[in-house]
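See structure below.
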Amino acid sequence: MPTPSSCLPPSLELFADFLRFPSISTQSERDADTRACAEWLVRLFQATGLEARIEETGGHPCVVASSSRDPQLRTVLIYGHYDVQPPDPVEEWESPPFEPTVRGGRMFARGATDNKGQILAHILGVAETLREKGRLPVNVVFLVEGEEEIGSPNLCGVLERLKGELAADIAVISDTGMVADGFPTLTFSLRGIAALEFKTLGPACDLHSGTFGGAVANPLTAAARLVASLHDEAGAVAVEGFYDAVRPLAAWEKEAAAGLPVSDEDFRKVAGVNALAGEPGYSAIERVGARPTAEVNGLSGGYQGEGTKTVLPSSATVKLTFRLVPDQDPETILQQVIAHLEKHCPPGIRLEMLPGHHGAPYVTDPHSPFGRAASRALERVFGQPPALLREGGSIPILGDFQRILGLDALLLGLAWPDNHAHSPNENFPLENLELGRKLNQAVLEEIAALPQ
Ligand code: BES
Ligand code: MN
């Protein structure tokens with residue numbers, strides 16, 4: 001294994017070394033760090049006893065690692081990502097985001113939960129099984145990518161190209177959440193996503209707001225009106241056709257959701273708000289797991305500096321993402337949204353559309369033989385049967401795993417609701433590194449034991 005560098009126990013050392021790479025996929029000035037992180041992973045896999053290499057993608061590289069293949073055994077694809085979100089706002093971190101620090105039994109650093117701690121748990125599990133038994137109960141192929149947080153723009157090409165090498169019976173992924181701290185969870189659905197940026201364009205240059213204001217449309221006002229037009233008063237999305245393809249919740253799902261150990265009040269507290277909002281008629285857990293949304297992620301334009309500036313800005317920018325549920329199609333949704341914005345665009349304003357990345361929603365049957373094997377593994381490790389959960393986040397490549405590789409995924413998340421993924425002070429409970437390692441061993445055994 002790569003040489004540890006301070007005085008933590010060996011697996012925590014490795015964890016800290018992994019976290020020191022600022023592998024921020026969206027920032028090109030971090031490209032060298034991102035690649036160095038991938039190379040470090042290759043060395044870690046090799047030290048574990050797997051064959052490993054960098055696979056170029058045209059963007060950030062992937063890491064592919066596999067055990068020797070025994071044709072008698074099932075094959076499991078273990079997927080994860082080594083790229084992370086930007087740490088901003090950096091001043092809100094209690095310890096620097098790329099100087100991993102242990103406090104109160106948790107490791108704090110950007111990427112600790114999402115996804116370095118979770119993928120490392122699988123690597124540690126495989127390493128320990130190989131050390132103790134000399135062999136794994138299944139063939140294993142790891143695919144660890146560097147572009148998940150930017151929508152996996154180059155991964156489809158890799159799946160097509162390496163179809164043979166990545167052929168497997170099932171995918172195992174820990175990049176999701178646990179319904180409550182310490183509560184084992186099998187996630188069987190994730191939302192899809194479609195991104196769209198648009199600009200409202202007014203006058204050719206910024207104008208004096210006294211000389212021109214009142215007679216010239218203001219692009220920021222137009223942007224705000226367009227953003228507001230995306231929802232109705234009650235909180236439902238107001239884009240025509242948006243809900244047409246939405247599959248309603250099955251009766252068993254409603255029941256399962258009602259039985260989960262999180263109330264709306266728990267949810268409100270974790271979010272840190274004084275009241276919840278959203279579409280009427282659904283609990284918070286149903287809204288984020290099973291209902292689609294329109295979110296504004298950024299709105300900018302005009303003067304942002306100190307004091308006032310009487311300006312009528314020439315343009316404004318809005319960044320939107322839509323979370324989608326089965327059977328919404330991202331491309332159709334983007335067309336509907338573009339049509340909606342064009343229809344509501346006020347006179348005197350031109351629109352420029354910049355459609356972004358997208359990924360399909362994902363759903364599978366948690367009661368399939370593989371799903372039940374995963375539930376048994378979770379129960380063995382956590383001492384109680386798992387919650388069956390639909391989650392609101394997205395792993396954009398999952399739809400392509402189904403389409404290109406014919407693979408379903410067992411989503412065995414290790415992230416607690418308060419682990420601050422994507423937020424300041426992201427952290428990962430040290431016990432979850434340990435439990436995740438055991439979970440890897442248990443799930444591979446349960447998959448191996450399934451009847452042919
Ligand atoms: N680990 C998350 C996905 C996730 C989050 C699953 C919460 C379940 C619950 C993943 O790393 C992620 O953040 N994905 C992005 C994808 C996007 C940038 C295309 C997301 O969901 O915002
Ligand atoms: Mn993420």
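Indexing begins at 1, ligand by ligand and atom by atom, following the structure's order.
Because the distance cut-off is set at 2.8 Å, His422 qualifies as a neighbour of the Mn ion (ligand 2) through one of its N, O or S atoms.
At least one side-chain heavy atom of Leu249 sits less than 4.5 Å from a side-chain heavy atom of Arg390. Between Leu155 and Glu147, the closest side-chain pair of non-hydrogen atoms is not below 4.5 Å. Contact of the Ile397 side chain with the Tyr79 side chain is registered, since non-hydrogen atoms from C-beta on lie closer than 4.5 Å. The shortest distance between side-chain heavy atoms of Leu433 and Leu12 falls below 4.5 Å. With contacts defined as side-chain heavy-atom distances shorter than 4.5 Å, the pair Ser189/Thr364 does not qualify. In this structure, Gln118 and Thr113 have side chains that are in contact, with non-hydrogen atoms separated by less than 4.5 Å. Put simply, the side chain of Arg30 does not reach to within 4.5 Å of the side chain of Ser23, judged on heavy atoms. With contacts defined as side-chain heavy-atom distances shorter than 4.5 Å, the pair Thr317/Phe198 does not qualify.
Closest heavy-atom approach to atom 17 (C) of ligand 1 among the candidates Thr113, Ile193, Asp114, Thr176: Ile193. The nearest non-hydrogen atom to atom 22 (O) of ligand 1, considering only Glu149, Glu147, His422, Arg323, comes from Arg323. Atom 12 (C) of ligand 1 has its nearest heavy-atom neighbour, among Glu148, Gln118, Arg191, in Glu148.
Of the N or O atoms in His81, one or more lie within a sub-3.5 Å distance of an N or O in ligand 1. The shortest N/O to N/O separation between Gln85 and ligand 1 does not fall below 3.5 Å. When only interatomic distances are considered, the shortest N/O to N/O separation between His357 and ligand 1 does not fall below 3.5 Å. Residue Asp175 has at least one nitrogen or oxygen atom sitting less than 3.5 Å from a nitrogen or oxygen atom of ligand 1, judged on distance alone.
Contact annotation: for Asn115 versus ligand 1, there are no heavy atoms closer than 4.0 Å.
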> Please walk me through it: do Glu145 and Ser152 pass side-chain hydrogen bond (donor to acceptor under 3.5 Å, both in side chains)?
Replying inline: CA-CA 8 Å; Glu145 70 151 319; Ser152 305; 2.7 Å; yes
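Scanning all protein heavy atoms for the shortest distance to atom 9 (C) of ligand 1 gives Glu391 OE2, 3.3 Å. The protein atom (non-hydrogen) at minimum distance from atom 7 (C) of ligand 1 is Gly393 CA, 3.9 Å. For atom 15 (C) of ligand 1, the closest non-hydrogen atom of the protein is Ser394 O, 3.6 Å.
If you look at Asp114 and ask which of its N, O or S atoms sits nearest the Mn ion (ligand 2), the answer is OD2. Of all N/O/S atoms in Glu149, OE2 sits nearest the Mn ion (ligand 2).
Aromatic pair His420/Trp93: centroids not less than 6.0 angstrom apart.
In summary, the atoms of ligand 1 found under 4.0 Å from a heavy atom of Pro396, numbered by their order in the structure, are 19 (C). Taking a cut-off of under 4.0 Å to the non-hydrogen atoms of Leu190, the atoms of ligand 1 that pass are 6 (C), 8 (C).
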